[in-house]
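Structure, as structure tokens:
This one's a predicted model, so the numbers in the text were calculated from it and none came from an experiment. A note on names: the letters A, B, ... follow the listed sequences, proteins ahead of strands, and every chain is numbered from 1.
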2 protein chains.
Amino acid sequence: MKRETQTQSDAYEAVFAALAHPVRRRILTTVHSEGGAMNAGAIAAMFEHAWPTTTRHLHVLVDAGLLRDERRGRERVYRIDRKRLELARAWLEGFSKDPR
Amino acid sequence: MKRETQTQSDAYEAVFAALAHPVRRRILTTVHSEGGAMNAGAIAAMFEHAWPTTTRHLHVLVDAGLLRDERRGRERVYRIDRKRLELARAWLEGFSKDPR
DNA sequence: CATTTACTTCGCCACATGGCTAAATGACGC
DNA sequence: GCGTCATTTAGCCATGTGGCGAAGTAAATG
């Protein structure tokens, strides 16, 4: 789980790459609809694939800054960071405006 | 260049996968800033990589419904389809609203 | 302190993606 | 019709991604 400093374009890169996978999009929508936070077990239970596969997807989302993780005893809670989603939304919004 | 009917989730799939690559995002922003349409040559000229590589990226964007292509004599014009970008933007906007 | 619970980390493998060069296509101008 | 211009298509190869099972770790619990 690399948490390095990123340039602006690296941020777009990580965010859009993270959003590219249907499992990761579903993780985000579900966590959001559950109030913004869920633990790893509840997230892994949503899918038929093996747990390590979910862990890997969660890493991608954390590295992209779309989720933050926090240990709570022996559970791990993943929480949505809406600022990063906002970044992607703002990029897309540029196309609704006339170009400068 | 497959132009098949897509379900809604296939549409998200194609759009977000297409947006995942920096070259493809740059194609979209540049075409937009040039008024919404550019021909293949002008797009290919933006990049250092070989032309067929650009063609391939253009295909991905067309298949995702983000660009439409049109022959104009021996040139080919690519035009942005903002409706599909709107689809992605709307998906992201869901996170700014409280979950139902 | 040994076991169970809740995950993550480690290798491994199959398939997808994105780059290339070379060859094909289709329209235009002579 | 022949060459040339604009661009795509066809194959090829290296690297990336996403799946797996097995093993590891850290906190709670008996």
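Counting heavy atoms from C-beta on, the side chains of A/Leu58 and A/Asp69 never come closer than 4.5 Å. Taking 4.5 Å as the limit, every side-chain heavy atom of B/Leu85 sits out of range of all side-chain heavy atoms of B/Val15. Counting heavy atoms from C-beta on, the side chains of B/Glu70 and B/Arg76 never come closer than 4.5 Å. Two residues are said to be in side-chain contact when any heavy atoms from C-beta on lie closer than 4.5 Å; B/Val62 and B/Arg68 fail this criterion. B/Asp81 has its side chain out of reach of B/Arg79: every pair of non-hydrogen atoms, C-beta onward, lies at least 4.5 Å apart. The shortest side-chain heavy-atom distance between A/Thr53 and A/His57 falls under the 4.5 Å cut-off. Proximity of A/Arg24 to A/Val60: side-chain heavy atoms (C-beta onward) are separated by under 4.5 Å at one or more points.
Between A/Glu13 atom CD and C/dG18 atom C1' the separation is 13 Å, expressed in whole Å. One atom, CZ of B/Arg72, and another, P of C/dC28, lie 11 Å apart when rounded to the nearest Å. For the pair B/Arg71 CZ and C/dT25 P, the interatomic distance rounds to 13 Å; values are reported in whole Å. Note: CZ (A/Arg74) to C1' (C/dT8) measures 16 Å, nearest angstrom. Here C/dC28 presents its C1' atom at 11 Å from CD of B/Glu75, a figure rounded to the nearest Å. One atom, CG of A/Asp69, and another, P of C/dA6, lie 18 Å apart when rounded to the nearest Å. Between the CG atom of B/Leu61 and the C1' atom of C/dG18 there is a distance of 14 Å, given to the nearest Å. Counting to the nearest Å, the P atom of D/dT8 and the CG atom of B/Leu67 are 12 Å from each other.
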Would A/Trp91 and A/Phe95 count as a ring pair (Phe, Tyr, Trp, His ring centres under 6.0 Å) here? Give the steps.
CA-CA 8 Å; A/Trp91 186 88; A/Phe95 294 93; 5.1 Å; yes

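Take B/Glu34 and apply the salt bridge (Lys or Arg N to Asp or Glu O under 4.0 Å) test, not counting sequence neighbours, and it matches no residue. Among residues two or more places apart in sequence or in another chain, the side chain to side chain contact (heavy atoms under 4.5 Å, CB included) test is passed with B/Glu93 by A/Arg89, B/Arg89, B/Lys97.
Side-chain nitrogen and oxygen atoms of A/Tyr78 include at least one within less than 4.0 Å of the OP1 or OP2 phosphate oxygen of C/dT8. Within the 4.0 Å cut-off from OP1 or OP2 of C/dA6, not a single side-chain nitrogen or oxygen of A/Arg76 is found. The side chain of A/His59 contributes an N or O atom lying less than 4.0 Å from OP1 or OP2 of C/dT9.
In this structure, B/Thr30 contributes its side chain and B/Ile27 its backbone to no donor-acceptor pair below 3.5 Å.
For DNA chain C, the neighbouring residues in residues 43-54 of chain A, judged by any heavy atom under 4.0 Å, are A/Trp51, A/Pro52. Applying a 4.0 Å cut-off to non-hydrogen atoms, none of the residues of residues 31-41 of chain A approaches DNA chain D.
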Extract from the structure each pairing of a protein N or O with an N or O of nucleotides 11-17 of chain C at less than 3.5 Å, listing the distance.
none

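In this pair, A/Tyr12 and A/Phe16 present their aromatic rings parallel. The plane angle is below 30°, not in the 30 to 60° band.
In summary, of the residues considered (B/Arg25, B/His21, B/Arg26), a side chain to side chain contact (heavy atoms under 4.5 Å, CB included) with B/Val23 occurs for B/His21 alone. With B/Ile80 as reference, B/Val31 is the one residue of B/Leu66, B/Val31, B/Leu61 to meet the side chain to side chain contact (heavy atoms under 4.5 Å, CB included) rule.
If one axis is set at each end of the helix from C/dC1-D/dG30 to C/dC30-D/dG1 from five pairs, those axes are 20° apart, to 10°.
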